[in-house]
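First up is the structure itself, then whatever we jot down about it.
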Amino acid sequence: MEEQGPDEGDAAGPGAVRFEPPSEAAARSIRRELALWYASNQRDLPWRRTSDPYAIWVSEAMLQQTRVDTVREYWPRFLERFPTATALASADEEAVLEAWSGLGYYRRARSLQAAARVIADRHGGVFPRELGAALDLPGVGPYTAGAVVSIAYDEPAALVDGNVERVFARLFGMEGVRGSGPLGRACWAAATFFIDRLEGAVRPSVWNQALMELGALICTPRAPKCEGCPLAGSCVAKARGNAVGIPRPKPRRASTEVELEVYVIEQGGRWLLEQRPDGGLMGGMWQFPTVEVTSSGLFPDELAPALGSKVEPEHDLIAITHGITHHRIRARVRSASLAGQGVEPAAWFAPAEAAELALTGMARKVAERLAPTRDPLFDQS
DNA sequence: AAGCCGGGGGA
DNA sequence: TCCCCAGGCTT
């Protein structure tokens, strides 16, 4: 447990990206204070009211890089539609994507269904209780495997997400960049240390969720509420007065400016929408015909299928800004008419029908601005 | 190890 | 505006 080669992080003292196990007394105090705090401060989240491993797994898949408040709206609808792993396994992919539309990271939805098929075929329709078997499922990595196995089955499986990383980094004064390998490994060591030493009164399910809850409610990234923290007395970062500076923020990536023209082609109250090619960015999702505007002209690129070039623009409707990952998109939305043939893959949809599709985020924004409806899909905010 | 994948909310 | 969110996969 103590083997630390004389390499990089070796500047021992404060500043090392390394987990130094606390004394047994300190660890006991941390366990007790956190569990006590969680018992009376946890949020009433819908997925905490079920013990169904499938339902818990769905919540974890949705929560990957996605806020609790967003998932709150999607999770019950998804489960109503696909109530079991077996039901999800046999559903149309299109229907799964539609239920996911707006959550982003659409590979999660495809992986979820692929994993459901494995579960139906090889695990009797029940999410595996074994960590290794869980890790073999597509879309299930170290975090999600630990989360489902510990939360649904109360197995002593460790777990580190962005919250837990922040909590441990501050608690033990570990330097390192957010999300980096060295800090991640140190936090996994810390998580494993604690999960292996829980006492009977603290179940793995409670411990792991308490860690994440502390990160979400108290040990927040920008303005941690240290005065309300049950672990303040043990926290190295608080003692040093630099909780906010830990962990070090990830160096920010340059974002690319993208300018698009989005064409609204309407006939008989229907919009012409095109489907993005499979495999690429937002593959299989529907959008208004789109072209990218560059210094050398208008042309479809990987952000847009081919239909846009067969369009005759008419007049401007609205302007939309949209951010996806590291793209900063400004879109000029114009009415247009169809100038050519060969519109595959595209089809006409009434606004209410469009609301039933797996639309891109940009397309949802445009549709919402052009034809506000009472449809639930557009009533979310 | 670094890049890629959506979208949104809080500061 | 920028950062980060109950991450995982590919190169």
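Per chain, numbering begins at 1; letters A, B, ... match sequence-line order.
For the pair A:Arg107 CZ and C:dG8 C1', the computed distance is 6 Å after rounding to whole Å. When rounded to the nearest whole Å, the span between CD of A:Glu257 and P of C:dC2 equals 10 Å. Atom CZ in A:Arg72 sits roughly 18 Å away from atom P in C:dC5 (whole-Å rounding). In this structure, the CZ atom of A:Arg108 is 14 Å from the C1' atom of C:dC9, given to the nearest Å. A straight line from CD of A:Gln65 to C1' of B:dG8 spans 12 Å, rounded to a whole angstrom. Going from atom CE of A:Met212 over to atom P of C:dA6 covers 9 Å, rounded to whole Å. Remark: P of C:dG7 and CH2 of A:Trp188 are 11 Å apart, rounded to the nearest angstrom. Rounded to whole Å, the distance from CZ on A:Arg170 to P on C:dC4 is 10 Å.
Put simply, A:Arg328 has no side-chain N or O that comes within less than 4.0 Å of OP1 or OP2 on B:dG6. Residue A:Arg185 has a polar side-chain atom (N or O) positioned under 4.0 Å from OP1 or OP2 of B:dA1. Distances shown here put every side-chain N or O of A:His322 at or beyond 4.0 Å from the OP1 or OP2 atom of B:dG6. A close approach under 4.0 Å does not occur between any side-chain nitrogen or oxygen of A:Tyr105 and OP1 or OP2 of C:dC5. Between A:Arg166 and C:dC5 there is a side-chain N or O to OP1 or OP2 distance below 4.0 Å. OP1 or OP2 of B:dG6 has not a single side-chain nitrogen or oxygen of A:Thr66 nearer than 4.0 Å.
Among the heavy atoms of the strands lying under 4.0 Å from A:Leu45 is at least one base atom, whether or not backbone atoms are also near. Nucleic acid contact for A:Thr144: sugar-phosphate only, since backbone atoms but no base atoms lie under 4.0 Å from a heavy atom of the residue. Note on A:Trp100: nothing from the nucleic acid sits closer than 4.0 angstrom, heavy atoms only. The residue A:Val140 sits close only to the backbone: its heavy atoms come under 4.0 Å of sugar-phosphate atoms, none of a base. Nucleic acid contact class of A:Arg110 (heavy atoms, under 4.0 Å, all strands): none. Across all strands shown, A:Leu103 has heavy atoms under 4.0 Å from base atoms, whether or not it also approaches the sugar-phosphate. Contact annotation for A:Gly179: no contact, since no heavy-atom pair falls under 4.0 Å across all strands.
Straight-line distance between the P atoms of B:dG8 and C:dC9: roughly 24 Å, to the nearest whole Å. The same atom, C1', is picked in C:dA6 and in B:dG3; the two are 23 Å apart, to the nearest Å. Taking the P atom of each, C:dT11 and B:dG6 are spaced 16 Å apart, rounded to whole Å.
If you check distances only, the side chain of A:Arg67 never reaches the base of B:dG7 with a donor-acceptor pair under 3.5 Å. Side-chain to base pairing of A:Arg178 with C:dC3: no donor and acceptor N or O lie closer than 3.5 Å to each other. Judged by distance alone, with hydrogens and angles left aside, A:Thr360 brings no side-chain donor or acceptor close enough to the base of B:dG6 to form a pair under 3.5 Å. For A:Arg222 against C:dC4, a side-chain-to-base donor-acceptor contact under 3.5 Å is absent.
When the side chains of ILVMFWY residues are joined at heavy-atom separations under 4.5 Å, either directly or via intervening members, A:Leu231 and A:Leu36 end up in two distinct hydrophobic clusters. Taken together through direct or relayed side-chain contacts under 4.5 Å among Ile, Leu, Val, Met, Phe, Trp and Tyr, A:Tyr106 and A:Val140 form part of one hydrophobic cluster.
The closest side-chain donor-acceptor pair between A:Tyr143 and A:Gln64, if any, does not fall under 3.5 angstrom. A side-chain N or O of A:Arg48 and one of A:Gln209 form a donor-acceptor pair less than 3.5 Å apart.
The structure places NZ of A:Lys250 at 11.0 Å from CG of A:Leu183, a figure rounded to the nearest 0.5 Å.
When each of A:Gly181 and A:Gly361 is assigned the nucleotide of DNA chain B bearing its nearest heavy atom, the one mapping closer to the 5' terminus is A:Gly181. Heavy-atom nearest nucleotides on DNA chain C were determined for A:Gly139 and for A:Val68, and the one closer to the 5' end corresponds to A:Val68.
Under the Watson-Crick or G-U wobble criterion, with both distances below 3.5 Å, B:dC5 is paired with C:dG7.
Looking at the side chain of A:Asn163, the nearest of the listed nucleotides C:dA6, C:dC4, B:dG7 is C:dA6. The listed nucleotides are B:dG6, C:dG7, C:dG8; the one nearest the side chain of A:Asp161 is C:dG7.
The aromatic rings of A:Phe194 and A:Phe19 lie tilted to each other, with the angle between the two planes from 30° to 60°. Using the six-membered ring where Trp is involved, A:Tyr54 and A:Trp57 have ring planes that are perpendicular, over 60° apart on the 30 and 60° scheme.
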